[in-house]
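Order of appearance sets the numbers: ligands from 1, and atoms from 1 within every ligand. Along the sequence shown, residues are numbered consecutively beginning with 1.
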Amino acid sequence: MAAVSVNGQDVTLNADPRTTLLDTLREQPGLTGTKKGCDHGQCGACTVLLDGRRVNACLLLAVQCEGCEVTTIEGLGQGEQLHPLQQAFIRHDGFQCGYCTPGQVCSAYAMLEEVANGEPSDVTGDGEVRLCPAEVRERMSGNLCRCGAYANIVDAILDSAGELGQRGEAGQ
Ligand code: FES
Ligand code: FES
């Protein structure tokens with residue numbers, strides 16, 4: 001058993017101690033937006049937010065999340081109103097089959113928070129964090145897309161961040 005907040009609602013997950021957060025989210029609240037790709041922490045399809053940080057739900061046990069706030073793709077928008085990141089993915093055709101997309105969007109959401117907080121990535125260098133294609137590619141490198149929609153995913157994220165058209169030379 002684990003008492004958690006899922007998308008703002010208090011729920012008790014009746015989870016076997018061996019069950020992952022991914023399987024529990026999909027099977028109990030029925031939040032099937034979170035996808036199982038590899039089930040081994042390699043693809044990012046299962047990305048959700050745990051207390052605001054992006055995590056691979058296939059690598060966490062549900063019981064480890066006791067007292068935490070979990071946000072899934074279903075919790076990013078407001079009912080029928082899509083989150084601006086989701087709208088940008090549609091505008092830029094940032095998917096083909098869509099299987100990786102919930103994880104991409106959740107990861108991008110947290111990634112933009114990390115950028116806003118000034119957290120550097122491996123490509124940032126010594127200066128101020130400035131979002132550019134290279135930064136997005138590096139920071140999103142944990143989310144794989146077997147359809148190869150990467151170029152449009154990067155454009156969607158930059159557009160959503162208000163950065164498209166302001167690409168720095170370092171990012172080209
Ligand atoms: Fe979790 Fe692939 S399903 S990282
Ligand atoms: Fe098909 Fe990314 S859109 S795996």
Side-chain angles (χ1 to χ4, degrees), residues 2 4-7 11 13-66 68-77 82-115 119 121-122 131 133-161 163-164 171:
V4 298
S5 164
V6 180
N7 298 334
V11 297
L13 300 175
N14 193 10
D16 180 287
R18 299 162 295 183
T19 308
T20 64
L21 177 62
L22 172 60
D23 285 341
T24 307
L25 286 172
R26 288 179 57 85
E27 289 167 13
Q28 290 188 26
L31 297 173
T32 53
T34 306
K35 303 302 185 204
K36 182 183 286 190
C38 63
D39 211 18
H40 289 289
Q42 296 174 348
C43 73
C46 64
T47 304
V48 298
L49 310 179
L50 190 72
D51 291 338
R53 306 291 295 190
R54 47 186 170 163
V55 296
N56 289 332
C58 70
L59 293 184
L60 279 170
L61 299 173
V63 293
Q64 290 176 280
C65 303
E66 169 79 29
C68 295
E69 287 185 18
V70 178
T71 304
T72 69
I73 189 68
E74 291 90 343
L76 286 190
L82 295 179
H83 186 273
L85 264 168
Q86 293 171 302
Q87 295 175 23
F89 268 66
I90 292 172
R91 274 199 308 281
H92 289 275
D93 208 14
F95 50 82
Q96 289 182 38
C97 76
Y99 198 80
C100 72
T101 310
Q104 300 276 4
V105 171
C106 285
S107 190
Y109 178 94
M111 182 272 278
L112 293 175
E113 292 282 313
E114 292 160 17
V115 169
E119 296 175 30
S121 80
D122 201 41
L131 203 58
E135 279 281 2
V136 174
R137 285 194 291 268
E138 167 64 21
R139 291 170 186 268
M140 293 295 294
S141 59
N143 290 82
L144 305 185
C145 174
R146 293 182 71 177
C147 298
Y150 294 112
N152 293 356
I153 291 170
V154 171
D155 282 351
I157 293 170
L158 287 169
D159 185 11
S160 179
E163 294 283 340
L164 201 61

*Side chain N143, main chain G103, donor-acceptor under 3.5 Å*: yes
*Where do T20 and A57 come nearest, in terms of heavy atoms and distance?*
CB-O, 3.8 Å
*Can you see which heavy atom on C65 is nearest to which on V4, and at what distance?*
O-CG1, 2.9 Å
*Side chain of Q28, backbone of N14: donor and acceptor closer than 3.5 Å?*
yes
_Under a 4.0 Å threshold between the charged nitrogen and the carboxylate oxygen, would K36 count as salt-bridged to D23?_
yes
*Sorted by chain and residue number, which protein N/O/S atoms are under 2.8 Å from atom 2 (Fe) of ligand 2?*
C100 SG, C145 SG
_Restricting to under 2.8 Å, identify the protein N, O or S atoms around atom 1 (Fe) of ligand 1 as residue plus atom._
C46 SG, C58 SG
_Is it the case that the side chains of R54 and S107 hold a donor-acceptor pair, with the cut-off being a distance below 3.5 Å and no angle test?_
yes
*Got a second to check how far L85's CG is from Q87's CD, nearest 0.5 Å?*
9.5 Å
*Give a yes or no answer on whether the side chain of D51 reaches the backbone of E69 with a donor-acceptor pair at less than 3.5 Å.*
yes
*Give a yes or no on whether the backbone of C58 and the side-chain of N56 come within a donor-acceptor separation of less than 3.5 Å.*
no
